[in-house]
Amino acid sequence: MEFYDAAEALSRSEIERVQLKRLQKTVERVRRCAFYAERLGAAGVTPDSIRSLDDLRRIPFTTKDDLRSQYPHGLLCTDREEIVRLHASSGTTGSPTVVCHTREDLDSWASLMARSLFCAGVRPADVFLNTTGYHMFTGGLGMHYGAERLGCMVVPSGPGNTKRQLKFIQDFGVTAAHIIPSYALYLAQWLEARDIDPATLPLRIACIGAEPHTEEARRRIEELMHLKAYNSYGLSEMNGPGVAFECVRQDGMHLWEDAYVAEIIDPVTTEPVAEGEVGELVLTTLCRRGMPILRYRTRDLTRFIPGPCACGRVHRRIDRIKGRADDMIILKGVNIYPMQIEQVLMAMPEVGQNYQILLEREGVVDQMRVRVEIKEEFFVEDMRALGAIQKRICSRLRDEILISPRVELVETASIPKEEGKAKRVVDLREKAE
Ligand code: AMP
Ligand code: ZN
């Protein structure tokens, strides 16, 4: 078994020893900032009182609102002068959240990222195309420095301009790419419309992540693009990409436990869920100096995958993110996650590469409309044929989500594709009021 670095090959007891030591150090360090000093003080937590990893549970949670309330620099645990970069989340409401990094922080992030890419089979000889934005979004610079650290030749193409992306892939012999899943599906469709066979391209690995996607979508990307696609998970608050990554076994994402302690809790009671159950992922940074974060409530829903991975890595695996606690749609008393809808759609051969979920209000009743792109060859003039497809989609969706949404069939490439993360749900209910 090949590993990128020694920490990747640690045993369970070694991982736990490293975690405890780093947790104690982190608790010591965060007392430099008034926010944590006060929080920990009130909870009676001192570095000495952290004697085992179980003591983590005595530390209060940190939420996105806490980060917002400390905007921009309230959570710094170092002098401002030591900070060499900041990233901020866009944040649709209120202040954005800001994360600041020292030189050491960036160094350890790049190493985690390089390790992640290595674990998915990327090697120094690869030519790496990074199609995500190089700005406040951490997917750009985060992946970039990781791939460079690994030794790849990096092509920092950034998002958009598909024609140019294709030219880069062909001219520079791109073998691995970082691409968000919705753009990978768009790219596949774009190539198909131009009669370009992806098998003729040098691309062999796609690192896909940054947004929720289903196993069905991953399989589609792999088949359509003629490559292997690996799931990449991260969030700005925990650096960005490089928190958890799939290995070549494609059976869950290894979460790098020498850098993060992960917990999975019931989002309502905040108690840990039973082993293997789905809950909210809570993360604590262990290696950050500039802005460590304790017990961050990610709002992301996942579970630990029990047992060891066939690849030999001991770092625990988390399952594909099921959605965010905030993404849940409640319609007619039923809880629905957008990924349940994607799972149905992406398993149907007639369905194209894009869809949208619209929430509408008619009088006092909320309705869901699912707008589905249909592949060119199925988008025929025969109303009966289209009607049959529509009925089939509707009944499979009803089986999955227990209510019957309206299903609207639209032509391939007719749903606008914006740059960056796909917006799957459009809530029109407010406007109707
Ligand atoms: P940001 O901090 O803006 O990069 O957004 C981070 C969020 O993107 C996470 O909290 C997740 O909700 C989502 N995300 C990132 N990677 C994945 C992934 N591989 N699968 C599903 N959702 C993801
Ligand atoms: Zn593995």
Side-chain angles (χ1 to χ4, degrees), residues 1-4 8-9 63-64 67-68 86-92 96-99 109 113 115-116 118-121 132-133 135-143 178-182 184 206-215 217-218 221 229-257 260 262 267 278 280-283 293 296-305 307-328 337-339 342-343 420-425:
M1 182 70 230
E2 250 189 311
F3 293 121
Y4 175 72
E8 216 179 338
T63 63
K64 191 148 196 121
L67 263 57
R68 286 206 178 104
L86 70 72
H87 281 283
S89 75
S90 48
T92 41
T97 51
V98 170
V99 178
W109 180 15
M113 199 57 250
R115 183 202 287 176
S116 300
F118 188 90
C119 135
T132 47
H135 41 73
M136 290 303 206
F137 175 56
T138 52
L141 291 169
M143 276 282 171
H178 178 217
I179 177 164
I180 60 173
S182 53
C207 300
I208 57 171
E211 62 183 9
H213 58 288
T214 54
E215 185 60 39
R218 182 245 290 278
I221 292 168
Y230 297 99
N231 197 353
S232 151
Y233 171 76
L235 60 163
S236 317
E237 294 85 344
M238 295 289 124
N239 292 349
V243 174
F245 224 88
E246 254 179 359
C247 67
V248 291
R249 301 285 171 164
Q250 294 186 313
D251 188 14
M253 298 177 278
H254 290 283
L255 192 141
W256 304 124
E257 292 182 280
Y260 304 96
V278 174
E280 178 181 346
L281 182 67
V282 172
L283 293 168
I293 300 182
Y296 185 65
R297 292 194 57 171
T298 65
R299 313 297 290 152
D300 291 327
L301 302 172
T302 184
R303 63 183 189 109
F304 284 125
I305 297 180
C309 181
C311 79
R313 286 176 185 83
V314 172
H315 296 256
R316 293 176 93 175
R317 288 168 297 157
I318 53 167
D319 206 349
R320 173 181 298 290
I321 305 294
K322 308 251 175 279
R324 291 176 58 78
D326 338 323
D327 282 348
M328 192 175 71
Y337 284 101
M339 285 304 108
E342 178 175 302
Q343 190 189 330
K421 304 192 188 202
K423 193 165 169 9
R424 297 301 189 191
V425 183

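Atoms within each ligand, like the ligands themselves, are counted from 1 in listed order. Reckoned from all heavy atoms, side chains included, excluding hydrogens, waters and symmetry mates.
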*asked:* Determine whether H213 and N231 satisfy the following criterion, side-chain contact (heavy atoms from CB on, under 4.5 Å), listing intermediate values before the conclusion.
replied: CA-CA 9 Å; H213 58 288; N231 197 353; 3.3 Å; yes
*Could you list the atoms of ligand 1 found under 4.0 angstrom from a heavy atom of S232?*
16 (N), 17 (C), 18 (C), 19 (N)
*Please verify whether a non-hydrogen atom of A210 lies at under 4.0 Å from ligand 1.*
yes
_Taking R320's backbone N and O only, do any of them form a donor-acceptor pair with Y233's side chain (distance below 3.5 Å, no angle check)?_
no
*Enumerate the atoms of ligand 1 whose separation from the nearest heavy atom of K421 is less than 4.0 angstrom.*
1 (P), 3 (O), 4 (O), 5 (O), 6 (C), 7 (C), 8 (O)
_So that I can check it, does any N, O or S atom in C247 come closer than 2.8 Å to the Zn ion (ligand 2)?_
yes
*Which bit of R299 is near ligand 1, meaning a heavy atom under 4.0 Å away: side chain, backbone, both or neither?*
neither
*In terms of ring plane angle, is the pair F118 and Y4 parallel, tilted or perpendicular, where the classes change at 30° and 60°?*
tilted
*Taking the Zn ion (ligand 2) as the vertex, how big is the angle to SG in C309 and NE2 in H254, rounded to 10°?*
110°
*Look only at the side chain of E342 and the backbone of T214, and say whether a donor-acceptor pair between them is shorter than 3.5 Å.*
yes
*Taking R316 for the side chain and A262 for the main chain, is one N or O donor matched with an acceptor at less than 3.5 Å?*
no
*Using a strict cut-off of 4.0 Å, indicate which atoms of ligand 1 neighbour a heavy atom of G209.*
19 (N)
*Residue portion contacting ligand 1 (non-hydrogen atoms closer than 4.0 Å) for N231*: side chain
*Backbone N or O of Y230 within a donor-acceptor pair of the R218 side chain at under 3.5 Å?*
no
*Between R324 and D326, is there a side-chain N and carboxylate O pair less than 4.0 Å apart?*
yes
_Which of the numbered atoms in ligand 1 are under 4.0 angstrom from any heavy atom belonging to G234?_
6 (C), 9 (C), 15 (C), 16 (N)
*For ligand 1, indicate whether the residue S236 contacts it via side chain, backbone, both or neither (heavy-atom separation under 4.0 Å).*
both
*Side chain, backbone, both or neither: which part of I321 comes within less than 4.0 Å of ligand 1 when only heavy atoms are counted?*
side chain
_Show me which atoms of ligand 1 lie under 4.0 Å from any heavy atom of F137._
4 (O)
*For the pair F137 and H135, name the ring-plane relationship: parallel under 30°, tilted 30 to 60°, perpendicular over 60°.*
tilted
*Taking only heavy atoms of R324 into account, list the atoms of ligand 1 that are under 4.0 Å away from them.*
10 (O), 12 (O)
*With E8, which of R115, H254, R313, H315 fulfils side chain to side chain donor-acceptor pair (under 3.5 Å)?*
R313
